[in-house]
Amino acid sequence: MHPLHPAGAPPGTARGGPRPRRARLSRRSRHLCWTSAAALLLPCVLAATGSPPARTPRHLARFPIRVSAYVANSGSRTVSVYDTQLERQVGAVQVGHGPTGVGVSPDGDEAYVANGRSDSVTFIETNHRLPTDTVGVQRRPFAATPTRDGREVLVANFGSDTVSVINAHDRQVVDSVRVGPLPHSITTVPDGRAYVTDNGGHAVTVLDPEEHVIRTIRVGDFPSGISSTPSGDRVFVSNTGSGTVSVIDPDTDSVVAILPGGRAPLGNAVSPDGRHLYVADSARDCLLIVDVPTGTITGHVHVGVKPQGVAITPDGRRVWVTNEESDTVSVIDPFVARLRATLPTGHEPEGIAITPR
């Protein structure tokens with residue numbers, strides 16, 4: 001689905017209204033024997049001294065800890081899964097028709113896939129990479145993004161001019177909120193607000209923590225991809241038709257800067273420290289590296305044809321870019337502006353998300 005051609009999207013109607021509020025004997029042999037004995041005796045020693053054994057933190061209980069990338073293949077009815085450290089594919093998950101956007105929960109336990117031609121969202125359990133549920137939404141969902149607290153999943157329904165609100169625990173749609181024309185992508189900030197790009201309205205709609213529309217911010221032409229810093233102090237909007245990126249200050253909900261975005265910027269992602277923005281220029285088939293404080297392009301890396309989605313690993317050391325017309329995903333080292341790997345995907349990859357751990 002290309003944001004430069006919004007006229008082809010069918011008009012839709014939405015049903016809104018209030019909703020009920022929301023309510024894991026060699027030397028080696030002797031060494032192994034002593035090690036096993038010590039492991040067995042340790043709880044007894046702790047009990048004798050009165051010190052309880054330390055509990056393993058939940059986020060360390062799994063081994064190995066794996067940071068994974070999830071790529072939605074809009075022409076394949078699949079999501080490709082990659083190990084970002086090994087930089088190789090480790091699996092694929094069957095989802096609905098026309099998967100486009102993908103998001104992951106803050107704890108990394110689930111992924112959410114917007115199935116644009118099935119009018120649904122697929123829930124994926126990430127530990128075993130298995131689909132666990134499918135939730136129906138409104139027409140042509142393009143993005144599925146969790147709130148920062150992980151309690152809800154917000155779905156941009158491109159064909160209905162609405163955002164569906166899914167309770168992540170109950171997996172039920174609890175509200176439908178009318179926004180601007182052709183909602184494309186969503187980002188959230190820590191205080192609970194959400195920012196929705198209105199691809200047909202040259203604007204961003206702001207939702208409060210209760211998912212009420214509280215503001216509309218004018219940006220450039222055909223806004224598409226959107227991201228925000230981990231702290232939530234800046235929001236970045238790719239204006240595909242203007243070749244720019246609007247920078248929004250959430251304290252004032254106003255545009256405070258305009259960054260270069262190439263000819264037709266689509267997806268973008270911001271570095272963990274907020275200093276660099278990575279922008280997919282779909283017209284020049286490259287990833288732009290933008291220095292946020294100076295507002296200048298400091299590098300670019302050629303990728304595949306028609307780059308779409310952009311995601312960055314939690315440590316900020318790798319940037320992943322989907323290439324819709326090459327059926328590949330590019331892995332980039334942003335510190336030296338170098339392409340590290342090109343990996344095959346399913347057909348027409350668009351959205352991408354990387355787990356937080």
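Quick note: numbers below take in every heavy atom, side chains included, and nothing from hydrogens, waters or symmetry partners.
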Checklist line | Stepwise side-chain contact (heavy atoms from CB on, under 4.5 Å) test for Thr296 and Thr298 | finding: CA-CA 6 Å; Thr296 58; Thr298 58; 4.0 Å; yes

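- Of the possible donor and acceptor atoms, none in the side chain of Ser326 sits under 3.5 Å from a partner among the backbone N and O of Gly304.
- Side-chain contact of Ser176 with Gln138: a donor-acceptor pair under 3.5 Å is present, judged by distance alone.
- The two residues Ser105 and Tyr112 come nearest to each other via the heavy atoms CB-OH, 3.3 Å.
- Between Phe158 and His184, the ring planes are perpendicular. Angles over 60° get that label, and only those under 30° would be called parallel.
- Counting heavy-atom neighbours within 6.0 Å of Arg171 CZ, excluding the residue itself, gives a total above 12.
- We find that Arg318 and Asp333 are joined by a salt bridge, their nearest charged nitrogen and carboxylate oxygen being less than 4.0 Å apart.
- Within the model, atoms OG1 of Thr84 and CD1 of Ile354 stand 6.0 Å from one another, a figure rounded to the nearest 0.5 Å.
- With hydrogens and angles ignored, the 3.5 Å screen pairs a side-chain donor or acceptor of Asp273 with a backbone N or O of Arg275.
- Rounded to the nearest 0.5 angstrom, Arg263 CZ and Asp285 CG are separated by 10.5 Å.
- To the nearest 0.5 Å, the span separating CD1 on Ile226 from OG1 on Thr197 amounts to 5.5 Å.
- The side chain to side chain contact (heavy atoms under 4.5 Å, CB included) search around Leu339 returns Val301, Ser330, Ile332, Thr342, not counting sequence neighbours.
- Distance alone, capped at 3.5 Å, places no donor-acceptor pair between the Asp161 side chain and the Val179 backbone.
- Judged as a side chain to side chain contact (heavy atoms under 4.5 Å, CB included), and not counting sequence neighbours, the contacts of Asp315 are Thr313, Arg317.
- Listed by chain and residue number, nothing satisfies the ring pair (Phe, Tyr, Trp, His ring centres under 6.0 Å) test with His97 (two or more places apart in sequence, or in another chain).
- Looking at Asp83, its side chain does come within 3.5 Å of a backbone N or O of Leu86 through a donor-acceptor pair.
- A salt bridge is defined here as a Lys NZ or Arg NE, NH1 or NH2 lying under 4.0 Å from an Asp or Glu carboxylate O, and Asp253 with Arg215 meets this definition.
- Under the side chain to side chain contact (heavy atoms under 4.5 Å, CB included) criterion, Ile297 pairs with Pro260, Leu288, Val290, sequence neighbours left out.
- The shortest heavy-atom contact between Tyr70 and Arg129 is OH-CG, 3.9 Å.
- Applying the ring pair (Phe, Tyr, Trp, His ring centres under 6.0 Å) rule to pairs touching residues 261-292 yields nothing, sequence neighbours excluded.
- One hydrophobic cluster holds both Val255 and Ile214 under the rule that ILVMFWY side chains link at heavy-atom gaps under 4.5 Å.
- Looking only at distances, no side-chain donor or acceptor of Asp119 sits under 3.5 Å from a matching main-chain atom of Val137.
- Under the side chain to side chain contact (heavy atoms under 4.5 Å, CB included) criterion, Thr229 pairs with Ser231, Asp233, Arg234, Phe236, Val270, not counting sequence neighbours.
- When only modelled atom types and interatomic distance are considered, Ser228 and Arg148 share a side-chain donor-acceptor pair under 3.5 Å.
- Between the side chain of Asp291 and the backbone N or O of Thr294, at least one donor-acceptor pair lies under 3.5 Å.
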